[in-house]
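Starting from 1, each residue takes its place in the sequence as its number.
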Amino acid sequence: QLQASGGGLVQAGDSLRLSCAASGRTFRSYGMGWFRQAPGKEREFVAGISGSGSTYYEDSVKGRFTISRDNDKNTVYLQMNSLKPEDTAVYYCAANTYPGISTRGSSYDYWGQGTQVTVSS
């Protein structure tokens with residue numbers, strides 16, 4: 001029900017925009033989040049957006065990443081600028097039936113399949 005796309009191989013300093021398209025139900029009122037998991041590391045919260053449009057970011061991406069949503073398209077985006085090699089990971093989008101923002105992966109009810117982002121130095 002969640003399809004993530006937009007990943008790729010880029011150089012440090014480049015930008016990417018990830019998309020997360022929802023289908024099968026409307027996620028208009030759901031809290032949405034982006035998480036990432038690098039090889040050998042635990043999954044971590046990256047950014048979240050509430051049903052009302054409030055946003056929250058993990059410290060290392062503040063000022064570089066922007067999460068947004070288009071409810072008409074049932075899609076959430078993650079604009080990633082000034083990418084760094086440490087941003088390399090598989091990125092996952094997730095939906096939470098609770099309309100607020102949670103940084104805990106266990107709070108989310110639906111997950112996308114992940115999209116690989118690789119940033120070379």
Side-chain angles (χ1 to χ4, degrees):
Q1 291 182 319
L2 295 177
Q3 181 74 34
S5 62
L9 172 62
V10 298
Q11 293 186 334
D14 286 350
S15 298
L16 279 175
R17 189 177 79 156
L18 305 184
S19 298
C20 176
S23 61
R25 64 175 63 218
T26 179
F27 289 82
R28 183 178 298 267
S29 63
Y30 288 13
M32 303 293 294
W34 285 98
F35 291 75
R36 66 187 179 187
Q37 186 167 21
K41 295 187 177 182
E42 294 186 354
R43 182 181 60 194
E44 65 173 354
F45 171 83
V46 176
I49 186 166
S50 71
S52 63
S54 300
T55 59
Y56 184 79
Y57 299 92
E58 191 268 329
D59 285 347
S60 69
V61 307
K62 284 181 181 177
R64 299 189 299 122
F65 291 11
T66 302
I67 188 172
S68 61
R69 66 193 303 161
D70 185 335
N71 287 334
D72 290 337
K73 295 182 178 179
N74 225 15
T75 300
V76 175
Y77 304 98
L78 185 68
Q79 178 67 43
M80 305 186 296
N81 299 329
S82 302
L83 282 162
K84 304 176 180 180
E86 50 263 44
D87 294 319
T88 295
V90 177
Y91 284 71
Y92 299 89
C93 62
N96 183 358
T97 55
Y98 172 68
I101 299 172
S102 175
T103 62
R104 298 184 305 164
S106 59
S107 298
Y108 290 79
D109 303 289
Y110 304 96
W111 289 84
Q113 85 288 5
T115 184
Q116 176 71 47
V117 172
T118 303
V119 184
S120 63
S121 57

Legend entry - Residue list, side-chain hydrogen bond (donor to acceptor under 3.5 Å, both in side chains) with Y110, at least two apart or on another chain: R25
Legend entry - Shortest non-hydrogen contact between A89 and A38, atoms and distance: CB-N, 3.8 Å
Legend entry - Sequence neighbours excluded, every pair satisfying disulfide bond (SG atoms under 2.5 Å apart) that has a member inside residues 49-90: none
Inset, instruction - Could you please spell out the steps behind the side chain to side chain contact (heavy atoms under 4.5 Å, CB included) verdict for Y30 and T97? - result: CA-CA 5 Å; Y30 288 13; T97 55; 3.7 Å; yes
Inset, instruction - Could you pull out the closest heavy-atom pair between L2 and A22, with the gap in Å? - result: CD2-CB, 3.7 Å
Inset, instruction - Among residues two or more places apart or on two chains, list those pairs meeting salt bridge (charged side-chain N to carboxylate O under 4.0 Å, His left out) that have a residue in residues 100-120. - result: none
Legend entry - By side-chain hydrogen bond (donor to acceptor under 3.5 Å, both in side chains) - contacts of D87 (at least two apart): R36, R64
Inset, instruction - Just jot down the side-chain hydrogen bond (donor to acceptor under 3.5 Å, both in side chains) partners of Q37, sequence neighbours excluded, or say none. - result: none
Legend entry - Non-neighbouring partners of F35 that pass ring-ring contact (aromatic ring centres under 6.0 Å, His included), sequence neighbours left out: F45, Y108, W111
Legend entry - Euclidean distance, T66 OG1 relative to Y57 OH, rounded to 0.5 Å: 4.5 Å
Legend entry - L18 CG to Q79 CD distance, which is reported to the nearest 0.5 Å: 9.0 Å
Legend entry - Distance-minimising heavy-atom pair for G7 and V117: CA-CG2, 4.1 Å
Inset, instruction - Would you give the length of the straight line joining atom CD1 of I101 to atom CD1 of I67, rounded to the nearest 0.5 angstrom? - result: 7.5 Å
Legend entry - Of all pairs that satisfy disulfide bond (SG atoms under 2.5 Å apart), the ones with a partner from residues 43-92, not counting sequence neighbours: none
Legend entry - Minimum heavy-atom distance between P85 and S121, given as atom pair plus value: CG-CB, 3.8 Å
Legend entry - Pairs where residues 2-24 contributes a residue and the test side-chain hydrogen bond (donor to acceptor under 3.5 Å, both in side chains) is met, not counting sequence neighbours: S15-N81
Legend entry - K41: partners by side-chain hydrogen bond (donor to acceptor under 3.5 Å, both in side chains), with sequence neighbours left out: none
Inset, instruction - For the pair T55 (side chain) and I49 (backbone), establish whether a donor and an acceptor sit closer than 3.5 Å, ignoring hydrogens and angles. - result: no
Legend entry - Sequence neighbours excluded - disulfide bond (SG atoms under 2.5 Å apart) pairs with any residue from residues 18-106: C20-C93
Inset, instruction - Using the salt bridge (charged side-chain N to carboxylate O under 4.0 Å, His left out) rule, collect all pairs that involve residues 66-80, keeping only residues at least two apart or in two chains. - result: R28-D72
Inset, instruction - Enter the distance from M32:CE to L78:CG here, rounded to the nearest 0.5 Å. - result: 11.5 Å
Legend entry - Inter- and intrachain pairs under ring-ring contact (aromatic ring centres under 6.0 Å, His included), touching residues 59-103, at least two apart: none
